[in-house]
Amino acid sequence: MSRSFLFIIIISLFTGSFIACDDNYEDYSTSPNDVLSFSTDTLSFDTIISTIGSRTKKFMIYNHNSKPLQISTIYLAGAGNSGFRLNVDGKSGSSFSNVEIRSEDSLYVFVETTLKENSTNNPIVMLDSIIFQTNTVNQKVILQAYGQDAYIWKKGAVIETDSILKNDKPYLIYDSLVVRKNTTLIIPEGITIYMHDRAKIEIYGTLKILGSREKPVTIRGERMDYLLGISYDKLPGQWNGIRFYEESYENEINYAHIRNGIHGMALDSSNLDRSKLKLYNSVLTNVYYKLFNAVHCSIEAGNCEFSNAGESLVSLNGGKYKFTQCTLANYFVWSSRKSASLQFKNYKKDGETVVPLPLSQADFFNCIVYGSNTSEISTDAADAAKNPGIDFNYHMDYCLIKMKYEDLSTTYITNYILNKDPQFKTIDRENYVYDFRLDTGSPAIDSGSSSYVTPVFSTDMNGIPRSTGENPDRGAYEWIQSESK
């Protein structure tokens, strides 16, 4: 007998013995009392744009019994017509037979869905369930998803004629939304625009966002699920941002909530005799880099919240600006921040070359500038000896600010409250929850100047009159007793 043949016989005998010793694995329980356990009884998906596939979610099947089980069938009760799809233990399908699970073992079930259009403006719930039959006993895990119809622009959307967006359902922008020169796009109240990863908005013409207190316009990332228990709506870096190019003028934004970008708004250098942007009653928040970056433009902003950015909240490089009743609050946690929240400059750098940009006006009235850094205001002027005659004019009056005392210039900053906590209602950096309204005892309450309360700013963005106290409060939000903790 050859050695190789003898080796095969020995291996065969060894393998047979091993299988015989493991025959308990084939000894499936037949008792109706031995059933499955699951990591959840309901698998819920957050709102999903109709016709767009969801992210994958999962749950676990457990066998906590002393014997192995054979699951006779696993199937979708809706027979796949609800839009849900399954993957059980690495195999895809809508039904599975004779699935084995060892004693004290587990299996993964992965679920995805693509929901059909529902022909309504509001989200509707889609329900299905996964049925598990083991030893004549039926068990189930409920599947639940909310579907929202939307206008889906998968390729770059280019607006070449004056247009008004319909506001009967949201929009999903996959690549870009571009408004051509000499063209106006109006976005009316109540619209939500979801931005896909890296998608951007580019304005060469004019953008008018006309939200209302009751129905603001929202521009945010598209993802509505969670990452490690954190809502994607709290995560920055989900889309690129908004850029207003040199030839863009007369832009208006009123009652808008814009968040979650890599960048916020960038506004290119323009003629100071024409308005670049009027920004009112809006919240810009939670971006990785600069939130509002303006280079030599004419801008007016009021009743606005600028909050939480990895770099500056408002960066003004030359130009003409007026900010009234605004709150700048920076408690960004997603990276280490070195930049001050508010930056004034009268130049920009082109490589190693300093390009003069006269800062002819930068007014901040009844505002709050505060955050987690030691100093939240940077006044960086070009070297006058090298660049004589460059205007560097900024004025902060009746503002609550955080900055080093030695950097404070009473020539530019008057009637200030320095380095006193404004006592915002909620700063919960661990759970990423922020509410920049004022709490009881805030030094910003009743300490502003009524001379800056023009008809445009007679109420805050929530409709609370500025005349509630003896004087208006500093910042974007007027305090009232009923809002205190």
Side-chain angles (χ1 to χ4, degrees), residues 213 253-255 277-285 291-292 294 298-307 312-316 320-330 340-344 359 361-371 376-377 379 393-403 408-425 435-481 483-484:
R213 185 183 308 130
I253 298 177
N254 197 14
Y255 288 104
L277 171 65
K278 291 183 178 179
L279 175 66
Y280 300 140
N281 302 304
S282 296
V283 177
L284 279 64
T285 187
L291 182 67
F292 189 88
S298 178
I299 293 173
E300 183 175 321
N303 274 358
C304 290
E305 174 192 316
F306 302 86
S307 59
S312 58
L313 295 175
V314 175
S315 179
L316 307 178
K320 184 171 67 174
Y321 310 95
K322 184 178 180 181
F323 288 70
T324 307
Q325 301 286 168
C326 291
T327 293
L328 283 66
N330 205 350
S341 290
L342 175 60
Q343 296 182 332
F344 299 112
L359 186 66
Q361 174 188 343
D363 294 334
F364 282 73
F365 301 141
N366 286 356
C367 292
I368 295 174
V369 183
Y370 218 80
E376 293 292 3
I377 299 174
T379 57
N393 299 317
Y394 71 92
H395 183 204
M396 304 187 73
D397 194 30
Y398 286 92
C399 294
L400 188 158
I401 60 175
K402 188 177 186 182
M403 69 184 303
L408 179 68
S409 171
T410 55
T411 302
Y412 300 104
I413 302 175
T414 53
N415 299 302
Y416 56 85
I417 297 175
L418 182 64
N419 297 335
K420 288 189 177 180
D421 188 340
Q423 298 182 37
F424 297 123
K425 284 179 67 67
D435 185 342
F436 293 114
R437 291 176 296 167
L438 302 175
D439 200 8
T440 304
S442 169
I445 295 173
D446 293 347
S447 63
S449 171
S450 58
S451 63
Y452 299 123
V453 181
T454 63
V456 177
F457 308 120
S458 60
T459 69
D460 71 5
M461 73 172 77
N462 295 319
I464 300 172
R466 293 281 179 196
S467 57
T468 300
E470 295 180 4
N471 293 299
D473 301 345
R474 305 186 191 207
Y477 303 102
E478 193 75 9
W479 176 86
I480 58 174
Q481 180 65 40
E483 291 184 341
S484 59

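Keep in mind the model is a prediction, meaning the values are calculated, not measured.
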Going through the checks in order, is the side chain to side chain contact (heavy atoms under 4.5 Å, CB included) test met by Val369 and Leu342?
-> CA-CA 7 Å; Val369 183; Leu342 175 60; 4.0 Å; yes

Would you check, one step at a time, whether the test side-chain hydrogen bond (donor to acceptor under 3.5 Å, both in side chains) holds for Glu300 with Tyr280?
-> CA-CA 8 Å; Glu300 183 175 321; Tyr280 300 140; 2.8 Å; yes

Please step through side chain to side chain contact (heavy atoms under 4.5 Å, CB included) for the pair Leu408 and Ile401, ending with a clear verdict.
-> CA-CA 10 Å; Leu408 179 68; Ile401 60 175; 4.1 Å; yes

Assess whether side-chain hydrogen bond (donor to acceptor under 3.5 Å, both in side chains) is satisfied between Asp446 and Asn471, documenting all intermediate values.
-> CA-CA 5 Å; Asp446 293 347; Asn471 293 299; over 6 Å; no

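Ser307 OG to Leu313 CG: the interatomic distance, rounded to the nearest 0.5 Å, is 7.0 Å. Between the OH atom of Tyr370 and the CD1 atom of Ile417 there is a distance of 11.0 Å, given to the nearest 0.5 Å. Put simply, OG1 on Thr285 and CD on Glu305 are 5.5 Å apart, with the number rounded to the nearest 0.5 Å. In this structure, the separation between OG1 on Thr410 and CG on Asn415 is 11.0 Å, given to the nearest 0.5 Å. Within the model, atoms CZ of Phe292 and CG of Leu284 stand 7.5 Å from one another, a figure rounded to the nearest 0.5 Å. Rounded to the nearest 0.5 angstrom, Tyr416 OH and Asn419 CG are separated by 10.0 Å.
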Output a table of donor-acceptor pairs, distance under 3.5 Å, between side-chain atoms of residues 322-329 and any protein atom two or more places apart or on a different chain; print 'none' if there are none.
residue, atom, partner, partner atom, Å
Gln325, OE1, Asn366, ND2, 2.7
Gln325, NE2, Asp473, O, 3.1
Gln325, NE2, Gly475, O, 2.8
Thr327, OG1, Ala476, N, 2.8

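A search for salt bridge (Lys or Arg N to Asp or Glu O under 4.0 Å) contacts involving Asp435 returns Arg437, not counting sequence neighbours. Listed by chain and residue number, Arg337 satisfy the salt bridge (Lys or Arg N to Asp or Glu O under 4.0 Å) test with Glu376 (two or more places apart in sequence, or in another chain). Taking the side-chain hydrogen bond (donor to acceptor under 3.5 Å, both in side chains) definition, one finds that Tyr452 meets it with Asp397, sequence neighbours left out. Applying the side-chain hydrogen bond (donor to acceptor under 3.5 Å, both in side chains) test to Thr459 and every residue at least two apart in sequence or in another chain returns nothing. For Ser450, the side-chain hydrogen bond (donor to acceptor under 3.5 Å, both in side chains) test picks out no residue, with sequence neighbours left out.
For Asn303 and Arg466, the side-chain atoms include at least one donor-acceptor pair closer than 3.5 Å.
The closest side-chain heavy-atom distance from Ile413 to Met403 is below 4.5 Å. By the 4.5 Å heavy-atom criterion applied to side chains, Leu279 and Ile299 are not counted as neighbours. Within the 4.5 Å cutoff, no side-chain heavy atoms of Tyr394 are placed close to those of Gln361. Val283 places none of its side-chain heavy atoms less than 4.5 Å from the side chain of Phe306. Between Thr414 and Met396, every side-chain heavy-atom pair lies at or beyond the 4.5 Å cut-off. Side-chain contact between Tyr477 and Met461 is present, with heavy atoms from C-beta onward closer than 4.5 Å.
Closest of all the heavy-atom pairs between Arg474 and Ile368 is O-CD1, 3.3 Å. The shortest heavy-atom contact between Val453 and Ser458 is CG1-CA, 3.9 Å.
Distance alone, capped at 3.5 Å, is enough to place a donor-acceptor pair between the Ser447 side chain and the Pro443 backbone. In terms of modelled atom types and a separation under 3.5 Å, the side chain of Asp460 and the main chain of Glu478 share a donor-acceptor contact.
Between Phe364 and Phe344, a ring centre-to-centre spacing shorter than 6.0 Å is recorded.
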